[in-house]
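First the structure, in the form of structure tokens, and then the observations on it.
Every chain is numbered from 1 and lettered A, B, ... according to where its sequence line falls, protein lines coming before strand lines. This one's a predicted model, so the numbers in the text were calculated from it and none came from an experiment.
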There are 2 protein chains.
Amino acid sequence: MSKGQATKASILHEALQVASTVGFEALSIGQLAERTEMSKSGLFAHFRSKEQLQLQALDHAAAWFTDAVVRPTLKASRGEPRVRELFERWLVWETEVFPGGCVFIAGSNEYDDQPGLMHDSVVNHQRDWAEFITTVAGTAVSEGHFRPDLDTGQFTFLLQGLMLGYHHAARLLRDPRAVDRTRSAFEQLLASSR
Amino acid sequence: MSKGQATKASILHEALQVASTVGFEALSIGQLAERTEMSKSGLFAHFRSKEQLQLQALDHAAAWFTDAVVRPTLKASRGEPRVRELFERWLVWETEVFPGGCVFIAGSNEYDDQPGLMHDSVVNHQRDWAEFITTVAGTAVSEGHFRPDLDTGQFTFLLQGLMLGYHHAARLLRDPRAVDRTRSAFEQLLASSR
DNA sequence: AGCAGAATAGTACGACCGTTCGTTTCTGTC
DNA sequence: GACAGAAACGAACGGTCGTACTATTCTGCT
């Protein structure tokens, strides 16, 4: 990896730390330059526009997410164990990776009603993720772990809502019971899917 | 109502329209002055700081929410009917009231990791709301509609997650099945609470 | 009708924003 | 070790931000 690529990666990493707490729109070139100990113009040269910085930060997070959640999930054995692995990895992602919580949730809420490239990118990433969950649930069906008439789309919808609820309770309300509540809800979801 | 109070109310109303799509932090005095056809300074005089504008906009939304959701809910007959009323009113609130979706969800995500008066206010409103849901669920228990050993805190947690999931699916992903999914999940939640 | 105070407007401020441009410093290759 | 291109810097731009002042216009009461 060349020098330029390395700096760029570290900028994007730092950008995600900031974006997780203040959002992507509140990212500012100047502040980011300070945190990375670069000049504004030197940092800017890597992206040539703020929108590009935001987009590439989001893609950086997506690549990270793939490493941390998607790939390990696919390594677990098919069926319910894989669903469990997905859940556990996802929970860790929500909890530990960023100081301000999941950047995708942040992005989803920032751009849900604001047109532009960021909106489109966020939507695409979320659609991919939802599709992935649905597929994993599908393998649990075909393995016979889940009932054959399970609506895997509904399963995904419920799991997504569960995670958003966890984020809300844990992040905003600092509810110490949030993890337990989430785990027990997940078990109930599994039970009703068998 | 005096002239000043009327203008202030209309400013807050407009502020909420904007905040629902771009968030509370992205509210700007200048832009808001344009939309309300006032001078920046004339508008500013009503609040004396941007933070006060944000706080009062949030309180304005809370008062509105009380009228639109809380009061009608309390008018429904105790027990499960009241829980249903809460759900339906809440769903309408999420869907129809603001052009950019629920301002509390917006606020929750903006301030979950940023200290300050806005953070505290958002948390307080959300705690009040959660407490209200729990209480309503409690009446369904005491009326004998829900099982006596129901964990009403868990019920609230699940319902909150369900609504966040709805918001996510309907707003960001524009999933036309979002309402149906939410309703059917709600029915399942009721069933498992009886 | 006139007056007091509320409500609104006008202007200016320093700070920061994203972006541009020309210059300087560093890196990797021969 | 020289040279070319990549990488980073410094200074400046027009614009918007929140806020502070003073001045003007409007409202409601007597």
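- When the P atom of D/dT19 is taken as reference, atom CG of B/Leu43 falls 12 Å away, rounded to whole Å.
- Counting to the nearest Å, the C1' atom of C/dT20 and the CZ atom of A/Phe47 are 18 Å from each other.
- Atom CD in B/Gln31 sits about 12 Å away from atom P in D/dT16, given to the nearest Å.
- If you check the side chains of B/Thr134 and B/Thr156, you find a donor sitting under 3.5 Å from an acceptor.
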Can you check ring pair (Phe, Tyr, Trp, His ring centres under 6.0 Å) on A/Phe65 and A/Trp90, steps first, answer last? CA-CA 9 Å; A/Phe65 185 79; A/Trp90 193 5; 7.4 Å; no

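- For the pair B/Glu51 CD and D/dC17 P, the computed distance is 18 Å after rounding to whole Å.
- Between A/Lys50 and the phosphate of C/dG18, there is a side-chain N or O to OP1/OP2 separation shorter than 4.0 Å.
- The side chain of A/Ser28 places an N or O atom within less than 4.0 Å of a non-bridging phosphate oxygen (OP1 or OP2) of C/dC17.
- The side chain of B/Thr7 lies closest to C/dT8, out of C/dT8, C/dT19, D/dA8.
- When atom types are taken as modelled, the side chain of B/Arg171 and the backbone of A/Asp112 share no donor-acceptor pair closer than 3.5 angstrom.
- Within the 3.5 Å criterion, the main-chain N or O of B/Gly100 finds no donor-acceptor partner in the side chain of B/Thr21.
- For A/Phe44, the listed nucleotide lying nearest its side chain is C/dG18; candidates were C/dG18, C/dT8, D/dC17.
- Atom CD of B/Glu34 and atom C1' of C/dA9 are 15 Å apart (whole Å).
- Among the protein residues, B/Ala45 comes within range of the nucleic acid bases, having at least one heavy atom under 4.0 Å from a base atom.
- The listed nucleotides are C/dG18, D/dC9, D/dC17; the one nearest the side chain of B/Lys40 is D/dC17.
- Among the heavy atoms of the strands, none lies under 4.0 Å from B/Leu32.
- Where B/Ser41 and B/Ser2 each meet DNA chain C at their nearest nucleotide, the meeting point lying more 5' is that of B/Ser2.
- Regarding A/Arg48, its CZ atom lies at a distance of 14 Å from the C1' atom of D/dA6, rounded to whole Å.
- In this entry the distance linking CD1 of B/Ile29 with P of C/dC13 reads 20 Å, nearest Å.
- Rounded to whole angstrom, the span from the CG atom of B/Leu53 across to the P atom of D/dT19 amounts to 10 Å.
- Side-chain proximity of B/Met38 to the nucleotides D/dG18, C/dT8, D/dA8 is greatest for C/dT8.
- Of the side-chain N and O atoms in A/His46, none sit less than 4.0 angstrom from OP1 or OP2 of D/dA6.
- Side chains of A/Gln126 and B/His168: a donor-acceptor N/O pair is present below 3.5 angstrom, by distance only.
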